[in-house]
Number of protein chains: 2
Amino acid sequence: MSRRSGILEFAVLGLLRESPMHGYELRKRLNTSLGVFRAFSYGTLYPCLKTLVANGWLIEEPGSAPEDALAASLAGRRAKIVYRLTAEGKEHFEELLSHTGPDTWEDEHFAARFAFFGQTEREVRMRVLEGRRSRLEERLEKMRASLARTRERLDDYTLELQRHGMESVEREVRWLNELIESERAGRDQRRSDPGGPARDDITSGETDGLPRHRDDTGPDPSDDTVK
Amino acid sequence: MSRRSGILEFAVLGLLRESPMHGYELRKRLNTSLGVFRAFSYGTLYPCLKTLVANGWLIEEPGSAPEDALAASLAGRRAKIVYRLTAEGKEHFEELLSHTGPDTWEDEHFAARFAFFGQTEREVRMRVLEGRRSRLEERLEKMRASLARTRERLDDYTLELQRHGMESVEREVRWLNELIESERAGRDQRRSDPGGPARDDITSGETDGLPRHRDDTGPDPSDDTVK
DNA sequence: AATTTCATGTAATTCGTTACATGATTCC
DNA sequence: GGAATCATGTAACGAATTACATGAAATT
């Protein structure tokens, strides 16, 4: 079994479910594509991959990543290990995907879970979103209480820090409210088919029901590693 | 010297600068009063206090916390160690307070620094705020770039996650802008006197210059430990 | 030819938590 | 007198980073 990181394991399985990859690329996707939910170092990633293999959830395949097709056809390819999800791995990931629980709504866990909502069933999405929300509301209450008790003893900067902190949390609650409402509105559930093939070409239009937001992004390719 | 946590060490020294305390209370203040910048466990706090003592920055005093005055006057008081900042400790903290550098604007470090802005010189506050801001702007640029590169490959949830993440960062930048402007406006600098006595009763009115925000908090005392 | 980026790994170290162990004090 | 909370500590463990070590491929 092996109690590996949880969030890293989850994210790796989720990314590999979409398509096989080698470690280096995996790490980049962890930072960038899969928005922001921390950068893991190679010293963490590679050993993690090893244990996932040991668990039978991944297999290592030598060389020839998809893009490499031409180059790979030539003789001696070595190093560059591509990891592919096994059937058991897929199954295990589905299990993780359907699991909801208190840990699920903790900060980092939540981000990871949300990032894979595209493969998560509507019901589960709901539970996670609502769990997260009540988690934050609970947090807010504590903050308010503590603020009420201590406000006069605190200097202005400390107060300002708390105010900003609380506002951030309140903002996330509003965000969750929007999301939950959208979920409720989008009355179709997609993806109740565990173990299907990798991904049937995304880029489609409407996903269940996300709130629409303004869109502004100029082209500007540059480096990786957001952090 | 001993390379202890940095942020915990800093926060402990800062809190003890205001008044002596014992470990248990210290921890509560770390969670609540000093808004939100994580809860350290006793398993972290107590050993840390030990090394601070070993460094000569704190001294342990037996019993009789300020509130205990009556009870303490009675005979056998034991346990309940009150920690007091030494002169060297004060000096060391002033040093830490005046230090600015890349680490200073990292997420958790920044919160800790900000929490003690009340004791920080205006110039230093400025550098820290501006450093933080450019740190975030840099982060934003990376996010925008990566988003521009990958947007069509990402599903709606991932996109939404990134959007929300970016908005959070943008929001903090605006906050910092306000703060920086206020600092610039508030042309007096308080506290350029390192090593003064504990605290000359706060509760005063205007601090340098913080932006004024709406104020709403009902009374509601309850538990501790925000997290 | 040299530098940068890709690519994989290991060992030591840091930071922090959990679980455990203990006991006093306060509240009901 | 029993429970909750205050109070202090230690040992084992966990998660992840840094520094190190190595080398191939692409770019200039």
Side-chain angles (χ1 to χ4, degrees), chain A residues 1-12 21-31 37-51 53 60-65 67-68 70-72 74-83 103 106 108-109 112 222-225 227, chain B residues 1-12 21-31 37-51 53 60-65 67-68 70-72 74-83 103 106 108-109 112 222-225 227:
Chain A
M1 271 68 211
S2 158
R3 278 291 144 258
R4 273 280 157 202
S5 161
I7 129 132
L8 179 54
E9 170 184 312
F10 176 77
V12 165
M21 260 179 281
H22 53 267
Y24 191 87
E25 198 187 340
L26 211 35
R27 190 202 174 232
K28 276 198 301 185
R29 304 282 241 97
L30 243 27
N31 307 324
F37 69 79
R38 38 194 323 201
F40 291 95
S41 67
Y42 297 120
T44 312
L45 178 59
Y46 285 118
C48 170
L49 285 168
K50 285 278 166 69
T51 78
V53 169
E60 307 184 340
E61 297 183 340
S64 82
E67 329 83 349
D68 274 353
L70 296 163
L74 296 156
R77 270 259 174 273
R78 105 280 38 194
K80 206 170 189 179
I81 299 158
V82 173
Y83 292 91
D103 45 307
E106 282 317 305
E108 305 211 317
H109 251 309
S222 82
D223 187 44
D224 290 295
T225 312
K227 182 174 189 185
Chain B
M1 268 70 208
S2 159
R3 278 291 144 258
R4 271 281 157 201
S5 162
I7 128 132
L8 178 55
E9 170 185 311
F10 175 78
V12 165
M21 258 179 282
H22 54 265
Y24 192 86
E25 198 187 342
L26 212 35
R27 191 204 173 228
K28 277 199 301 187
R29 304 280 243 100
L30 243 28
N31 307 326
F37 68 81
R38 40 197 318 205
F40 292 95
S41 65
Y42 297 120
T44 312
L45 179 58
Y46 284 118
C48 171
L49 286 168
K50 285 277 165 67
T51 78
V53 169
E60 307 184 339
E61 297 183 339
S64 80
E67 329 84 349
D68 274 352
L70 296 162
L74 296 156
R77 268 260 174 270
R78 103 278 37 189
K80 205 168 190 181
I81 301 159
V82 173
Y83 292 91
D103 45 305
E106 282 317 306
E108 304 211 317
H109 252 309
S222 83
D223 187 46
D224 289 296
T225 313
K227 181 175 190 184

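Letters A, B, ... are given to chains in the order of the sequence lines, protein chains preceding strands, and every chain is numbered from 1.
Residue T44(B) places at least one side-chain N or O closer than 4.0 Å to OP1 or OP2 of dT17(C).
Rounded to a whole Å, the NZ atom of K80(B) is 4 Å from the P atom of dA7(D). Atom P of nucleotide dT17(C) and atom CZ of R27(B) are separated by 8 Å, given to the nearest angstrom. In this structure, Y24(A) places its OH atom 17 Å from P of dA24(D), rounding to the nearest Å. Between the C1' atom of dT10(C) and the CG atom of L45(A) lies a distance of 14 Å, rounded to the nearest Å. Across the protein-nucleic acid pair, L8(B) atom CG and dT17(C) atom C1' stand 13 Å apart, rounded to whole Å. Per the geometry, NE2 belonging to H22(A) stands 7 Å off C1' belonging to dA7(C), to the nearest Å. Summarising the geometry, the separation between OH on Y46(B) and P on dA21(C) is reported as 19 Å, rounded to the nearest angstrom. As a whole-Å value, the separation of I7(B) CD1 from dT17(C) P is 11 Å.
Fit an axis to the five pairs at each end of the helix from dA1(C)-dT28(D) to dC28(C)-dG1(D) and the two axes sit 40° apart, to the nearest 10 degrees.
Partners of Y46(A) according to the side-chain contact (heavy atoms from CB on, under 4.5 Å) rule, which considers only residues two or more places apart in sequence or in another chain, are Y24(A), Y42(A), L49(A).
For the pair E60(B)/Y83(B), a side-chain contact is recorded, criterion being any heavy-atom separation below 4.5 Å from C-beta on.
Distance alone, capped at 3.5 Å, is enough to place a donor-acceptor pair between the R27(A) side chain and the F40(A) backbone.
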